[in-house]
Colleague: 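Below are the structure tokens for one structure; questions will follow.
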Amino acid sequence: MVIPHPPAVPVIDLAKLNAGEEGKKEVVAELLSALRNIGFFSVINHSVPLPLVDQLFKTDVETKRRIPYVEATNTGYLGHGQEKIWIAHVVYRRLNFKEKALDCKEAYNMPACPEAESLIPPELARNGIAKSFMESCHATLHQLLELLAVALDIPAEEGGETYLSSKHSFGGTPSILRLLHYPPVAGDSAESGSWTRAGGHTDYGSLTLLFQSGVGGLEALLRVDPTAEPVWVPVPPVAGAIVVNSGDLLEFWTRGAVKSTVHRVVVPQEVRGVSRYSLVYFAQPIGSTPLTPIPSPLLRELADAAASSAAVAGFSTAGDVAKSISASQHLWERLSHTQTY
Ligand SMILES: O=C(O)CCC(=O)C(=O)O
Ligand SMILES: [Fe+2]
């Protein structure tokens, strides 16, 4: 469906945090509204050094290929067609999209924790590139989780501002940093229907931080009536920005008040013949973290309405998975449906 004025993905300027309490209030409100509405936003004036992003984009394919994929840790290299990400998502299946394509991409997953240095290729371990990048992603993750905790008004006796960030240690979690390369597409092959860059899916963790090269194609599914044609909103590259989206765990923890938005990567006409690179930091909490609701008065107020509308719209992953499982059980369950080999 083409809608005349699709909503734009909000851009949140973290520099406002330097403008005292008023600035912080504004950012907190923008963050919650973006997560509640589309589940995607871009942040500018963050503290992740951009030269590191460029260095990681340039990682040589041979370097990545040398480290084979290991299912038990979800790390290493996956080549073209080895992932078919769309099929894992129960909500997506229910929408009955025709897309059953393989993902035409290569992915290289690194554990996003300091103790995993032996799994980081020497080229990226040298000069501490990978480690510095992960540390700065982690610091931004904490900053965003603390702003979200403020937005949700979590009481101090429950952990307050650090309720969410304290569950996301640096190390000791299955968080990963993923280097993605989508090869150039020739002619009309993108329309053949047998493959896509990344099929529609939700992310399995809490928040995802994504850095895109200047090449577009990422799209978020707008939550509309599931019986109508889906509406995809472009998530365009914004120079120097991080794209942030909510994953399944935030949907569980907020009882559906924040959704885990379905997204995909397509090949717009203007970027055919061009490689696309992205870097994705998939944040996961400590594996044993339960999927129980965040203690928040605001969420309690929203819970009933959100639960019933989510159930009606059929967009709730929360309703599809037993709530008694832990964050890592959810992750491994989702991963087990993703690989094609
Ligand atoms: O490459 C992108 O822009 C998005 C990739 C993505 O959504 C994923 O790997 O989960
Ligand atoms: Fe994703």
Side-chain angles (χ1 to χ4, degrees), residues 9 35 38-43 53 56-57 59 64 69 74-92 99 101-112 137 141 174-185 190 195-221 232-251 258-268 271 274-284 317 330-331 334-335 337-340:
V9 172
L35 286 175
I38 189 163
F40 269 80
F41 58 91
S42 292
V43 275
V53 178
L56 287 164
F57 278 153
T59 311
K64 298 186 267 192
Y69 184 73
N74 185 32
T75 54
Y77 177 84
L78 282 164
H80 299 175
Q82 284 190 292
E83 196 167 76
K84 190 176 176 181
I85 206 166
W86 76 275
I87 201 160
H89 196 258
V90 66
V91 172
Y92 203 63
E99 193 183 293
L102 295 173
D103 287 359
C104 190
K105 67 185 183 199
E106 46 177 17
Y108 174 65
N109 294 354
M110 276 186 278
C137 286
L141 169 76
S175 302
I176 57 161
L177 174 62
R178 179 166 240 213
L179 276 54
L180 282 162
H181 169 231
Y182 304 89
V185 175
W195 63 269
T196 183
R197 277 193 159 158
H201 65 281
T202 59
D203 291 345
Y204 317 153
S206 38
L207 279 182
T208 301
L209 272 52
L210 167 85
F211 301 78
Q212 335 185 43
S213 59
V215 178
L218 177 62
E219 296 181 334
L221 180 67
W232 293 96
V233 177
V235 185
V238 171
I242 311 176
V243 171
V244 181
N245 67 281
S246 39
D248 297 346
L249 302 185
L250 270 184
E251 181 164 328
V258 168
K259 295 292 189 305
S260 183
T261 300
V262 175
H263 53 285
R264 66 180 184 180
V265 182
V266 295
V267 192
V271 300
V274 183
S275 266
R276 179 173 191 277
Y277 291 87
S278 64
L279 285 178
V280 201
Y281 179 79
F282 292 103
Q284 288 280 346
T317 47
H330 175 67
L331 171 68
R334 293 286 314 266
L335 283 171
H337 294 291
T338 310
Q339 268 77 44
T340 60

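Just follow the structure's listing: the first ligand is 1, and inside any ligand the first atom is 1. Numbering starts at 1 and runs along the sequence shown. Note that the structure is a prediction, hence the values are computed from the model and not measured.
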Colleague: Do any heavy atoms of Arg264 fall under 4.0 Å from ligand 1?
Modeller: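 No; Arg264 lies far enough from ligand 1 that no heavy-atom distance drops under 4.0 Å.
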Colleague: Over 60° means perpendicular and under 30° means parallel, so tell me whether Phe57 and Tyr277 are parallel, tilted or perpendicular.
Modeller: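 The rings of Phe57 and Tyr277 sit tilted, inter-plane angle from 30° to 60°.
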Colleague: Considering only heavy atoms of Phe282, which atoms of ligand 1 have at least one such atom less than 4.0 Å away?
Modeller: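 Listed by number with element, the hits are 8 (C), 9 (O), 10 (O).
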Colleague: Does ligand 1 have a heavy atom under 4.0 Å from the side chain of Thr208, from its backbone, from both, or from neither?
Modeller: neither
Colleague: Decide, yes or no, whether a salt bridge links Lys259 with Glu251 under the criterion of side-chain N to carboxylate O below 4.0 Å.
Modeller: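 The answer is no: the pair does not qualify as a salt bridge.
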Colleague: Can a donor-acceptor pair be found, under 3.5 Å and without considering hydrogens, that links the side chain of Arg276 to the backbone of Tyr182?
Modeller: no
Colleague: May I ask you to identify, for Arg197, whether its side chain, its backbone, both or neither come under 4.0 Å of ligand 1 on a heavy-atom basis?
Modeller: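 Neither part.
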Colleague: Is Tyr182 in polar range of ligand 1, meaning some N or O pair under 3.5 Å apart?
Modeller: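 Yes: some nitrogen or oxygen of Tyr182 is under 3.5 Å from one in ligand 1.
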Colleague: Counting only heavy atoms closer than 4.0 Å, does ligand 1 sit against the backbone of Leu210, its side chain, both, or neither?
Modeller: side chain
Colleague: Which atoms of ligand 1 sit under 4.0 Å from any heavy atom of His263?
Modeller: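 Counting from 1, the qualifying ligand atoms are 7 (O).
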Colleague: If only atom types and distance count, is the side chain of His263 paired as donor or acceptor with the main-chain N or O of Leu221 below 3.5 Å?
Modeller: no
Colleague: Is Ser206 reaching over with its side chain to a backbone N or O of Leu249, donor-acceptor style, under 3.5 angstrom?
Modeller: no
Colleague: Is there a donor-acceptor contact under 3.5 Å from the side chain of His181 to the main chain of Leu179?
Modeller: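 Here the side-chain-to-backbone pair does not exist.
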Colleague: Can you sort out which atoms of ligand 1 are near Val265, meaning under 4.0 Å from one of its heavy atoms?
Modeller: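 Result: 1 (O), 2 (C), 3 (O), 4 (C).
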Colleague: At the Fe ion (ligand 2), what's the angle from Asp203 OD1 to His201 NE2, rounded to 10 degrees?
Modeller: 90°
Colleague: Begin with the C-alpha distance, continue with both residues' side-chain angles, and end with the deciding distance and a verdict on side-chain contact (heavy atoms from CB on, under 4.5 Å) for Leu78 and Lys105.
Modeller: CA-CA 8 Å; Leu78 282 164; Lys105 67 185 183 199; over 6 Å; no
Colleague: Under the side-chain contact (heavy atoms from CB on, under 4.5 Å) criterion, do Thr208 and Phe40 qualify, and how do the steps go?
Modeller: CA-CA 10 Å; Thr208 301; Phe40 269 80; over 6 Å; no
Colleague: Give the atoms of ligand 1, by number and element, whose distance to some non-hydrogen atom of Leu180 is under 4.0 Å.
Modeller: 1 (O), 5 (C), 9 (O)
Colleague: Closer than 4.0 angstrom: is that true for some heavy atom of Arg276 and an atom of ligand 1?
Modeller: yes
Colleague: I need the atoms of ligand 1 closer than 4.0 Å to a non-hydrogen atom of Ser278, numbered in the order shown.
Modeller: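 It comes down to these atoms of ligand 1: 1 (O), 2 (C).
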